[in-house]
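Data block below; observations after.
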Amino acid sequence: MTGFAVVCLSAATVAFQILLVRVFAIQQFHHFAHMAIGVAMLGLGASGTLVALRRPGTGFADAWFPRATALAALAFAATPWLVGLVPLDPTQLLWDARHWPRLGLVYALLALPFGLGGGAILLAITRAPTRPGGVYGASFAGAALGALAALGALALFTPVRALAVPA
């Protein structure tokens, strides 16, 4: 069951990143398309740091893996909506200092699903400390499926609507 959850988490994470690149390229021009990679790395790096600092045992990982998985799914669904509520106009960043904290909030919101997804995958690896290969392989398989899912979603939906697919 853990392997299937890791496949889904990894697929959602990769699909969300690819779809964010497309949404940013359309809505904010190509200058912001690279931001999707940055927020993904921020979330994944933050979750890796938190897990490394916490050094969870298998008991902690067993208890928190299902919670982190559920929170990640919720974050994938809620984040695009929450980001849409932030009144950010990137063209005003040079002239209006009020937009910088808003940009920071957008970064934090967009990093959240990546952090929760990456953290859950790390907890899955912690649950199987002597045999992490299965979880690692499930993560790779999920990443491949996520890339295909993103392409399929873009073929069927507008990029903004396709952001619902990873959830």
Side-chain angles (χ1 to χ4, degrees), residues 1-51 64-93 96 98-124 135 138-167:
M1 191 65 170
T2 299
F4 179 71
V6 169
V7 167
C8 292
L9 284 166
S10 185
T13 303
V14 169
F16 196 69
Q17 183 178 358
I18 291 169
L19 294 170
L20 276 180
V21 168
R22 189 67 182 142
V23 167
F24 287 155
I26 291 169
Q27 288 183 345
Q28 307 296 337
F29 308 108
H30 69 280
H31 308 295
F32 278 80
H34 307 296
M35 189 170 107
I37 297 165
V39 296
M41 298 309 294
L42 175 66
L44 292 169
S47 69
T49 301
L50 288 174
V51 170
W64 277 95
F65 174 72
R67 295 173 187 163
T69 302
L71 288 172
L74 181 64
F76 282 117
T79 296
W81 175 74
L82 291 171
V83 167
L85 297 177
V86 178
L88 173 66
D89 182 359
T91 63
Q92 296 300 311
L93 287 169
D96 189 352
R98 294 176 297 172
H99 287 275
W100 285 101
R102 295 172 189 170
L103 180 62
L105 178 60
V106 167
Y107 258 84
L109 286 171
L110 289 173
L112 186 63
F114 294 107
L116 289 167
I121 292 170
L122 287 172
L123 290 173
V135 175
S139 179
F140 272 111
L145 291 174
L148 293 173
L151 293 175
L154 287 171
L156 298 173
F157 308 110
T158 64
V160 172
R161 292 209 185 269
L163 279 175
V165 169

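Because only heavy atoms are used, hydrogens play no part in the values below, and waters and symmetry mates are left out as well, while side chains stay in.
Atom CZ of R22 is separated from atom CD1 of I18 by 12.5 Å, given to the nearest 0.5 angstrom. Taken to the nearest 0.5 Å, the CH2 atom of W64 stands 7.5 Å off from the CG atom of L71. Separating the CG atom in L109 from the CH2 atom in W81 is a distance of 10.5 Å, to the nearest 0.5 Å. One finds the CE atom of M35 at 5.0 Å from the OH atom of Y107 (value rounded to the nearest 0.5 Å). Remark: I37 CD1 to L42 CG distance equals 13.5 Å, nearest 0.5 Å. To the nearest 0.5 Å, atom OG1 of residue T158 and atom CD1 of residue I26 are 8.0 Å apart.
The ring pair (Phe, Tyr, Trp, His ring centres under 6.0 Å) search around F65 returns none, not counting sequence neighbours. R98 meets the salt bridge (Lys or Arg N to Asp or Glu O under 4.0 Å) test with D96; sequence neighbours excluded. Taking S139 as the reference, nothing meets the side-chain hydrogen bond (donor to acceptor under 3.5 Å, both in side chains) condition, with sequence neighbours excluded.
Closest approach of A68 to L123, counting heavy atoms only: CB-CD1, 4.2 Å. In terms of heavy atoms, A150 sits closest to L19 at O-CD2, 3.9 Å. Taking all atoms of both residues into account, the shortest heavy-atom contact from A162 to P166 is O-CD, 3.5 Å. Here the shortest heavy-atom pairing between L20 and A36 reads CB-CB, 3.6 Å. In terms of heavy-atom proximity, L9 sits nearest to A72 at CD2-CB, 3.8 Å. Listed here is the closest heavy atom pair of P87 and R102: O-NH1, 2.9 Å.
Proximity of S47 to L116: side-chain heavy atoms (C-beta onward) are nowhere separated by under 4.5 Å. A 4.5 Å side-chain heavy-atom check between S10 and I121 finds at least one atom pair inside the cut-off.
Using a distance-only test at 3.5 Å, with no hydrogens or angles considered, no donor-acceptor pair links the side chain of T79 to the main chain of F76.
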